[in-house]
Amino acid sequence: MSNRPLVVPIFGTRPEAIKMAPIVREIIESELFDCTTVVTGQHREMLDQVNELFGIVPDVDLNIMQPHQTLNGVLTRTIEGLDKLFEETKPAAVIVQGDTTTSTAGAIAAFYRGIPVVHVEAGLRSFNIHSPFPEEANRKITSQVAALHLAPTSQSRANLVREAVDPADIAVTGNSVIDALLSVAEEKLPFSDPRLEELAASGKKILLVTTHRRENQGEAMQGVGRALARLAAAHPDIHILLPAHRNPVVREAILPALEGLENVTVTEPLPYGEFTRALALSNVVLTDSGGVQEEAPSLGKPVLVMRDNTERPEAVDAGTVRLIGTDEQRIVDEVTRLLEDPDYYASMANAVNPYGDGRAAVRTVAAIAQLLGIGTRLPDFGSPAS
Ligand code: UD1
Ligand code: UDP
């Protein structure tokens, strides 16, 4: 055992794995800490796919995923598994990311054991406790118990200050999703599905779609499926690409409307490098994902967000992201406008980087080092000195 403090990054879903990967790598490279990487396995296949790409081999795997798992099931299995680990290993700090149930369970379990909680991607707020559900509540709970709040942007920092978080406990790092995106952007991985290589070679306009949000499951998601089928029929020259989330509830809602349509391709979740290549090839992005709202603007892709609110207002303000809700007719109208009005398209297709500059992991590790008394923070992302 070394004299270095033990830090424990905890994650469990695809988006957390993508956003934690640059941070875990930076922790290890810094040689400032001992590191025990813990995954809950809230997602199984989609988590493993990311870890494999980034070469992250978890030290502990709680393997909690169950078919049709409930929020309380995920919460309790995570807390139970972590509590034993914390008792045995006594970490100096735990690191959680975002607003999933893995993340909040990790924060509560650590807080109850008196372990400082580092919250990565802190301060995002939709200001509606029911939407996204339960993520808005999850991130607010984590903010209550965190010792160090790593806000991606100055707006997320301001949200925390408004909630009376001590400004001294906040650092603005940028979002590590941009670190992850930049790290795979140059690789130009071949698609493992030959249909996608064919699509890439065809030069067709691509509408890239992802959906999974709990609030949209059921009737709203069925409407999304119908809207896509109508768009496919009205625009035979475009191609719709839908990498389907593994959640069976999502698949049952959206896929029936798309069966047998020639210009629609449904795939398994794409490995991250392949997904970012698909993003770069696409013309329009239609999504309810949080991460995709952050990535697509930096590639200059217009994003239509199938939600009524967002905790990521920066790219909306920059004009690249538009909130359109889930009404079937509205989806058809908004996509059609982008496909048919080149001036309107150009007004949204701006490459903007409000979420990061690729150095979030370096700032994160410096802030954790300061928290543990072995280093000094770097200037905030977006500050004149950064
Ligand atoms: C969760 C997160 C959400 C995040 C999303 C990312 C919470 C409360 N929600 O969504 O914030 O945006 O993940 O995708 O933590 N499944 C598999 N294999 C996988 C992944 C999922 O089979 O690799 C299936 C399982 O049957 C599981 C279901 O999908 O029961 C839903 O997964 P879950 O993590 O519970 O999804 P959400 O809570 O909707
Ligand atoms: N993503 C991926 N493969 C896919 C679809 C998405 O790697 O087939 C990535 C995407 O680039 C983004 C992340 O998954 O970084 C978003 O995950 P998701 O939409 O599941 O969760 P959210 O961001 O909404 O929490």
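The shown structure was predicted, so the numbers you read here are calculated from the model rather than taken from an experiment. Ligands are counted one by one from 1 in listed order, and the atoms in each one are counted from 1 as well.
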I'd like to know if [X] and [Y] make a salt bridge, using a cut-off of under 4.0 Å between side-chain N and carboxylate O.
| X | Y | answer |
| --- | --- | --- |
| K204 | E262 | no |
| E135 | R125 | no |
| R44 | D61 | yes |
| R312 | E121 | yes |
| R359 | D357 | no |
| D34 | R4 | yes |
| D237 | K205 | no |

Counting heavy atoms only, which part of [X] comes closer than 4.0 Å to ligand 2: side chain, backbone, both or neither?
| X | answer |
| --- | --- |
| E274 | neither |
| Y272 | both |
| E295 | side chain |

Provide, to 0.1 Å, the distance between [atom] and the closest protein heavy atom, together with that atom's residue and name.
| atom | result |
| --- | --- |
| atom 36 (O) of ligand 1 | H43 NE2, 4.1 Å |
| atom 23 (O) of ligand 2 | G291 N, 2.7 Å |
| atom 5 (C) of ligand 1 | H212 CE1, 3.5 Å |
| atom 9 (N) of ligand 1 | E135 OE2, 3.2 Å |
| atom 8 (C) of ligand 1 | T101 OG1, 3.2 Å |
| atom 14 (O) of ligand 1 | H245 NE2, 2.8 Å |
| atom 9 (C) of ligand 2 | I18 CD1, 3.6 Å |
| atom 24 (C) of ligand 1 | N247 CA, 3.8 Å |
| atom 35 (O) of ligand 1 | Q69 NE2, 3.0 Å |
| atom 8 (O) of ligand 2 | L270 N, 2.7 Å |
| atom 17 (O) of ligand 2 | R14 NE, 3.5 Å |
| atom 25 (C) of ligand 1 | M65 SD, 4.0 Å |
| atom 16 (C) of ligand 2 | S289 OG, 3.5 Å |
| atom 22 (P) of ligand 2 | G290 N, 3.6 Å |
| atom 25 (O) of ligand 2 | P15 CG, 3.4 Å |

Notebook entry, point to check: Any idea how Y272 and F54 line up, ring-wise: parallel (<30°), tilted (30 to 60°), or perpendicular (>60°)?
Noted result: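 Tilted, since the angle between the ring planes falls between 30° and 60°.
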
Do [X] and [Y] have side chains that get closer than 4.5 Å, going by heavy atoms?
| X | Y | result |
| --- | --- | --- |
| N216 | V250 | no |
| L53 | P271 | no |
| L255 | L242 | yes |
| Q222 | Q217 | no |
| T265 | L196 | yes |

Check: Take atom CZ in F111; do more than 12 heavy atoms of anything else shown fall under 6.0 Å from it?
Finding: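 Check fails, neighbour count at 12 or below.
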
Margin query: Heavy-atom contact check, 4.0 Å cutoff: does E294 meet ligand 2?
Written below: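 E294 does not count as a contact of ligand 2 under the 4.0 Å cut-off.
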
Next item on the list: Out of Q42, R139, Q217, E45, indicate the one that has the non-hydrogen atom closest to atom 7 (C) of ligand 1.
Entry: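 The nearest heavy atom belongs to Q42.
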
Heavy atoms only, cut-off 4.0 Å: how does [X] contact ligand 1, side chain, backbone, both, or neither?
| X | answer |
| --- | --- |
| R213 | side chain |
| L47 | neither |
| S289 | neither |

I want to know if ligand 1 touches [X] in the polar sense, i.e. an N/O pair below 3.5 angstrom.
| X | answer |
| --- | --- |
| R44 | yes |
| N138 | no |
| Q66 | yes |
| M46 | yes |

Note to self: So, taking the atom named CZ in R25 and the one named OG in S30, what distance separates them when rounded to the nearest 0.5 Å?
What the structure shows: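 The CZ atom of R25 sits 14.5 Å away from the OG atom of S30.
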
Next item on the list: Measure the spacing between CG of L299 and OG1 of T320 and express it to the nearest 0.5 Å.
Entry: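 If I round to the nearest 0.5 Å, the distance is 11.0 Å.
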
Notebook entry, point to check: Under the criterion side chain to side chain contact (heavy atoms under 4.5 Å, CB included), which of I331, V335, D308, V305 is the partner of I324?
Noted result: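 Running side chain to side chain contact (heavy atoms under 4.5 Å, CB included) over I331, V335, D308, V305 with I324 returns exactly one hit, I331.
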
Item checked: E163 side chain vs L160 backbone, donor-acceptor pair below 3.5 Å ->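 No, the answer is negative, given that no donor and acceptor are paired below the 3.5 Å cut-off.
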
Note to self: Just by distance, no angles: are the side chains of D59 and T36 close enough, under 3.5 Å, to form a donor-acceptor pair?
What the structure shows: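 No, because no side-chain N or O of D59 sits under 3.5 Å from a partner of the opposite role on T36.
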
Notebook entry, point to check: Relative to the heavy atoms of R213, which atoms of ligand 2 are at a distance of less than 4.0 Å?
Noted result: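 In order of number, 24 (O).
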
Check: With atoms numbered from 1 as shown, which atoms in ligand 2 lie under 4.0 angstrom from a non-hydrogen atom of P269?
Finding: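 Atoms satisfying the 4.0 Å criterion: 8 (O).
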
Hey, which atoms in ligand 1 end up nearer than 4.0 Å to a heavy atom of [X]?
| X | result |
| --- | --- |
| P15 | 6 (C) |
| L71 | 8 (C) |
| P134 | 8 (C) |
| H68 | 26 (O), 30 (O) |

Checklist line | Any Q49 heavy atom less than 4.0 Å to ligand 1 | finding: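 No.
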
Notebook entry, point to check: Could a heavy atom of R214 be found less than 4.0 Å from some atom of ligand 1?
Noted result: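 R214: in contact with ligand 1 (<4.0 Å).
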
Next item on the list: Check whether any N or O atom of H212, backbone or side chain, sits under 3.5 Å from an N or O atom of ligand 2, and answer yes or no.
Entry: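 Indeed, backbone or side chain, H212 has an N or O that close.
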
Checklist line | Cation-pi, Y344 ring and R337 (6.0 angstrom, 45 degrees) | finding: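 Pair R337/Y344 counts as cation-pi.
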
